[in-house]
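Notes follow the structure.
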Amino acid sequence: MIHPRPIEERISLGLREAAPDDVPHRVLELAFERTRTMPQDRFVGRGRVRSITRRSPVRAALLVAAVLAIAAAVAVVGAQLLQPDQPDLRTRVLDAGVLRVAVRSEPPQAVVPSAGLTGFDVDVARELSSRLGVDLDLVTVTADEAGNGSGDAPWDISIASLPVAAFDPTAIAAGPAYYAWPRYVLVSASSPLGSLDELAGQIVCAVADDAGADWAMTSLGAGTVVLRPTDDACLGELDAGRVSGVVTATLGPADLVVRAQYRSIGGPPVEQRMIAAHVDDRPASMLDELARLVRDMAADGTLADLSSRRFGGVDLSTSIVQGGG
Amino acid sequence: MEETVDRGLVEAARHGDHEAFEALAIGISGRLYGVARLILRDTHLAEDAVQEALVNAWRSLPSLRDPDRFDAWTYRLVLNACNDVRRHRHRMSAEINVVEMPQPMVDERSTVEDRDMLERGLRHLKDEHREVVVLHYYLGQTASDVAEILGVPVGTIKSRIHYATEALRAALESDARTRPAATGEGHR
């Protein structure tokens with residue numbers, strides 16, 4: 001059996017043979033029929049999406065007038081909206097038809113220049129808004145803003161890959177966990193170290209400002225913990241032989257697959273990452289409903305699917321501690 | 001098989017020019033259909049996915065900040081549409097019509113055999129591996145491009161490409177072992 005072509009070329013040629021580019025004309029016609037009268041969405045400010053129709057000067061003028069009128073109305077009734085008898089968060093979101101979700105543009109999310117923010121948190125936000133039957137606004141925030149509710153970005157809930165310890169309890173109420181993040185203690189593949197106990201008294205590296213560093217300093221029993229800004233910087237210390245182990249922060253299970261020069265010997269307990277909302281938004285009914293939806297998503301396999309797609313085939317929803325609702 | 005997209009058309013379509021959008025859609029739809037057929041392995045579902053991807057493209061075009069990334073952006077949209085179709089298919093437990101792959105236009109036995117084996121090999125890949133195979137080998141996207149399209153770290157993509165390539169290699173070599181006579185006769 002002789003195949004002169006490299007495997008990559010055979011795959012490429014075979015796929016092109018298998019999928020000729022002959023899209024039926026009716027597919028295009030149906031798509032065009034639907035889109036001819038369909039308004040386009042427009043991104044506004046921090047990634048929020050609004051539907052607009054095609055612009056014309058008259059329409060734009062009417063739009064501006066409407067916005068001014070609405071702004072005036074909001075100014076007049078604003079105080080009333082802040083009264084104690086205002087509807088709770090769930091009611092307000094359902095009435096508005098929009099769920100505003102704060103997300104972070106940091107790992108494990110990824111920013112795609114052409115498509116905006118993408119990743120597991122965004123996927124979960126889309127699924128939850130869909131199940132609530134409302135549109136989705138994505139608002140980009142920092143970890144601090146999501147943790148203490150500061151910043152000028154208005155949002156209803158955060159899905160920002162943060163644990164409960166990151167939330168200021170006077171400002172932010174934690175809701176259901178939607179995935180559990182593993183951290184690893186890595187040693188060189190050739191290292192004789194085989195368990196966490198054997199790192200007692202040794203020098204380990206952890207990522208500054210990460211919970212893994214706290215764990216390394218308080219629970220691991222390492223002799224010295226050196227802090228570096230990233231996982232890669234820590235792995236550089238390991239490669240140079242200056243530390244015996246590394247506590248990972250953002251490296252996921254899929255990342256380890258392509259780092260065969262390292263071996264995991266355990267790690268801290270997985271970190272429950274939670275959906276959250278502002279305390280003063282009276283979020284209880286909303287967080288209860290989200291807890292129910294997250295349980296549904298876990299039960300019907302949606303969370304597992306989303307996790308597997310974003311985390312290299314690994315389901316990080318299996319260890320979540322479900323509660324609420 | 002990447003083609004250069006007309007920036008002017010993209011800009012016009014972003015601002016609501018439907019004729020410009022139609023021109024773009026006609027140019028890209030063949031590749032989107034190829035992707036959808038390879039991913040879903042069903043003609044009718046693939047047609048649905050392409051239609052949904054085009055509708056979503058029209059709606060979301062104003063959010064496309066870099067017109068040069070139009071092609072990659074539509075690949076992301078068609079993959080999303082495939083996932084939606086697939087989820088819907090699972091929920092509805094619909095009957096699936098496996099695509100009868102068209103006969104080749106040229107009499108080149110090894111390519112034909114590869115095509116058939118690849119079709120079977122693809123069927124056994126996990127969804128995320130099938131996606132990277134289609135993006136990388138069918139559309140010719142680099143690992144970095146695939147990572148950007150899928151929003152997944154490039155290391156993960158390289159790992160998936162490696163795994164999927166080995167799985168397809170195994171499928172091809174397995175077939176070669178099981179059909180030695182026919183295969184041998186087929187090579188000149």
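Naming: A, B, ... by sequence-line order, numbering from 1 per chain.
More than 12 heavy atoms of other residues, nucleotides or ligands shown are found within 6.0 angstrom of OH on Tyr262(A). Crowding of Glu11(B) atom CD: a count of heavy atoms from other residues, nucleotides or ligands under 6.0 Å exceeding 12. Within a 6.0 Å sphere centred on CD of Glu19(B), heavy atoms belonging to other residues, nucleotides or ligands number 12 at most.
Annotation: side chain of Trp58(B) is not in contact with side chain of Phe32(A) (no heavy-atom distance under 4.5 Å). Two residues are said to be in side-chain contact when any heavy atoms from C-beta on lie closer than 4.5 Å; Asp255(A) and Pro153(B) meet this criterion. Counting heavy atoms from C-beta outward, Leu122(B) and Leu15(A) have side chains that approach closer than 4.5 Å. Contact annotation: the side chain of Arg309(A) never approaches that of Asp127(B) to less than 4.5 Å [non-hydrogen atoms, C-beta and beyond].
A distance-only check finds a donor-acceptor pair linking the side chain of Arg310(A) to the backbone of Leu150(B) [under 3.5 Å]. Using a distance-only test at 3.5 Å, with no hydrogens or angles considered, a donor-acceptor pair links the side chain of Arg16(A) to the main chain of Tyr138(B).
For the set Thr156(B), Leu32(B), Val55(B), the entry with the most heavy-atom pairs within less than 4.5 Å of chain A is Val55(B). Your options are His136(B), Arg160(B), His129(B), and the one with the most heavy-atom pairs under 4.5 Å with chain A is Arg160(B).
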In sequence, state the C-alpha distance, the side-chain angles, and the governing distance for Leu54(B) and Thr35(A), and then conclude on side-chain contact (heavy atoms from CB on, under 4.5 Å).
CA-CA 9 Å; Leu54(B) 291 176; Thr35(A) 53; over 6 Å; no
Please lay out, stage by stage, how Leu28(A) and Ile26(B) fare under the test side-chain contact (heavy atoms from CB on, under 4.5 Å).
CA-CA 7 Å; Leu28(A) 290 170; Ile26(B) 290 168; 4.1 Å; yes
Using the rule given for side-chain contact (heavy atoms from CB on, under 4.5 Å), can you reason through Arg26(A) versus Gln51(B), listing the C-alpha separation, both sets of side-chain angles and the distance that settles it, and then say yes or no?
CA-CA 10 Å; Arg26(A) 68 176 179 282; Gln51(B) 191 186 143; over 6 Å; no
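Neither the backbone nor the side chain of Arg259(A) has a heavy atom closer than 4.5 Å to any heavy atom of chain B. Interface remark: Ala49(B) contributes no atoms to any contact with chain A (heavy atom separation under 4.5 Å). Proximity to chain A is absent for every atom of Val35(B), based on heavy atoms less than 4.5 angstrom apart.
With sequence neighbours excluded, the residues that form a side chain to side chain donor-acceptor pair (under 3.5 Å) with Tyr137(B) are Thr165(B). With sequence neighbours left out, the side chain to side chain donor-acceptor pair (under 3.5 Å) criterion links Ser12(A) to no other residue.
Annotation for Ser29(B) and Val23(A): closest pair OG-CG1, 3.4 Å, computed over non-hydrogen atoms. Across all their heavy atoms, Pro24(A) and Glu47(B) have their closest contact at CG-OE2, 3.3 Å.
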